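This one's a predicted model, so the numbers in the text were calculated from it and none came from an experiment. Excluded from the calculations below are hydrogen atoms, water molecules and symmetry mates; all remaining heavy atoms, backbone and side chain alike, are included. First listed ligand is number 1; within each ligand, the first listed atom is number 1.
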Amino acid sequence: MSNRGKFSGRVGFILAATGSAIGLSNIWRFPYLAGQNGGAVFLIIYLACVFLFCFPVMVGEIAIGRAAGTDAYGAYTKLGGKKWGLLGIFGVISGIFILSYYNVVAGWAFGYFVELTFGPLLQESDFGSFFSSFVNDINSNFFYSLGFLFLTALAVVRGIQKGIETANKILMPSLFVILIGLILYSLTLPNAKEGIRFYLVPDFSEIKLQTVFDALRLAFFTLSLGIGGLITYGSYVQKSENIIYSASVVTWADTIVAFLAGLMVFPLVFSAGQSPAEGPALVFMVMPEIFQQMGPTIGKIVGASFFLLLCFAALPSCISLLELPVAYFVDQKKYPRKYVVWILSLVIFLLGLPSLASFGAIPALNKLWFYKQRDFLTLVADITDITLTIGGCLMCIFISYRWKLHNMNAELAIGNESFRGSLMQKYIDFTIRWACPLLLGVLSVLIIIDKFWGFNF
Ligand code: PFF
């Protein structure tokens, strides 16, 4: 086991886990969901979900990983027996499928960056139809998503410290710099105040059950919980580290980036006279229009920075998603990391092809007859959303009833002597035993009902 690698220290782990957490959902899904759900109200509920329910799950997941010192499957098997190992496999498979579609969307961001910087994208007259023909263009997207996955594999193949840690040490600070630059610019625009007001002044009449449902789902996805990605990263954490401290930094950093993304997007949207409630179209249809209105030079600089930001957010998430199955094959099957990374990347790329082709290139995949005429990529994204929350629910059950809370607490007390008997310990025990499994169980059922039958809460 000794040659499987470790993060060099606290900063290495925190950056890598933060990189996994900060992703497309922070820059894309958070602002559009906030826009659709009344801005500030959504933000408040989201914060409550993140800190009250998701933080304890993150702590538990990292503790499992560090206690076992091996991949997700190995960890569940080691701490709970062979049957629980299935939960690890479930996570590994989920990770593979998430990466298969996530990489396609990351490829779009990469493609927009390339076409906006080097092509005439900003001269388009209709960004809605540009997006439709862009995603339909399977040849270009083949290379954009292959390129993105290649960069992901390049980091993972070099191992924990040299690859994953180094990539995050470059990408995370760059992401912050671009984000802050874009915020400062957007705050200078006319009408920026309107955007800020919408975002920060809550209107409690907007609260619906749907708001809570969307916020909890997003919070769980954005923190990369439930499938064992953090078990895997946790297995590379040194025993001297304080898990509670590291998890809180990761949670804060992820939340701050989502918050800042809203602070960047809403002034831009309001200053361009657009609606904040455009939904998923926000990033690929509304934002380019806003960049166009800025004029050719500024529009190009701001637009290119924006799509680069998306790529910088997506890459570390892809890296963590690839490391999850890679660790399984390296730890369990003892295959060399080099071969595992390239072969798995190829398999994942092939698995992503139907998602890539589901926007027109293959008409049958665009409107699935058995899935309410939705596209294949949405199907994979929805199914993995469900496996994520089911995985999280089962993980809490595993900790409470199989591994036992006192073992988790013993792990958490290593590197954090004051943890035992603290209020934090009591809170984590309570949430992992009762609140989280219940909430995540209900959430999983609601997502299934919502996706397959559809209802508005
Ligand atoms: N947290 C990533 C995001 O916010 O986009 C997505 C993600 C990465 C989910 C890694 C799950 C995971 F294991």
Side-chain angles (χ1 to χ4, degrees), residues 15-34 46 49-50 54-55 57-58 61-62 64-65 71-72 87-88 90-109 148-149 152 155-156 164 167-168 171-172 175 179 214-235 247 250-251 253-262 280 283 309-328 348 380-392 395 440:
L15 278 177
T18 304
S20 169
I22 295 172
L24 292 170
S25 76
N26 297 63
I27 318 277
W28 178 15
R29 206 158 145 193
F30 176 81
Y32 90 65
L33 281 175
Y46 173 80
C49 293
V50 163
C54 296
F55 171 72
V57 179
M58 176 184 283
E61 191 163 336
I62 300 172
I64 294 177
D71 66 292
L87 186 51
F90 183 69
V92 168
I93 295 174
S94 298
I96 288 177
F97 278 96
I98 294 178
L99 184 52
S100 79
Y101 86 83
Y102 198 89
N103 180 60
V104 170
V105 182
W108 295 346
F148 210 84
L149 199 54
T152 305
V156 177
I164 297 180
N168 278 291
L171 292 169
M172 283 298 104
L175 178 136
L179 188 56
D214 283 344
L216 188 58
R217 269 179 70 186
L218 175 66
F220 205 72
F221 183 81
T222 190
L223 290 174
S224 309
L225 303 174
I227 54 169
L230 286 174
I231 294 183
T232 311
Y233 272 7
S235 72
V250 175
T251 309
D254 181 68
T255 308
I256 288 171
V257 169
F259 175 74
L260 292 178
V283 160
L309 175 74
L310 267 185
C311 295
F312 281 15
L315 190 54
S317 297
C318 289
I319 290 174
S320 72
L321 283 165
L322 183 57
E323 178 61 25
L324 169 65
V326 165
Y328 166 73
I348 289 169
V380 182
D382 287 347
I383 290 179
T384 49
D385 246 23
I386 300 165
T387 60
L388 215 77
T389 46
I390 292 179
M395 191 192 82
L440 291 170

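In summary, of the residues considered (L99, V156, V326), a side chain to side chain contact (heavy atoms under 4.5 Å, CB included) with I319 occurs for V156 alone.
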Table please: side-chain donor-acceptor pairs of residues 253-262 below 3.5 Å, with sequence neighbours left out.
{"unit_1": "D254", "atom_1": "OD1", "unit_2": "I22", "atom_2": "N", "d": "3.3"}
{"unit_1": "D254", "atom_1": "OD1", "unit_2": "N26", "atom_2": "ND2", "d": "2.8"}
{"unit_1": "D254", "atom_1": "OD1", "unit_2": "T222", "atom_2": "OG1", "d": "3.3"}
{"unit_1": "D254", "atom_1": "OD2", "unit_2": "T222", "atom_2": "OG1", "d": "3.1"}
{"unit_1": "T255", "atom_1": "OG1", "unit_2": "T251", "atom_2": "O", "d": "2.6"}

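Looking only at distances, no side-chain donor or acceptor of S20 sits under 3.5 Å from a matching main-chain atom of S317.
F55 has its side chain out of reach of V50: every pair of non-hydrogen atoms, C-beta onward, lies at least 4.5 Å apart.
Annotation: side chain to side chain donor-acceptor pair (under 3.5 Å) contacts of T384 (sequence neighbours excluded): none.
Residues in residues 309-328 take part in these salt bridge (Lys or Arg N to Asp or Glu O under 4.0 Å) pairs, two or more places apart or across chains: E323-R337.
For a heavy-atom separation below 4.0 Å, the residues in contact with ligand 1 are S20, A21, G23, L24, S25, N26, Y102, F221, T222, S224, I227, S317, S320, L321.
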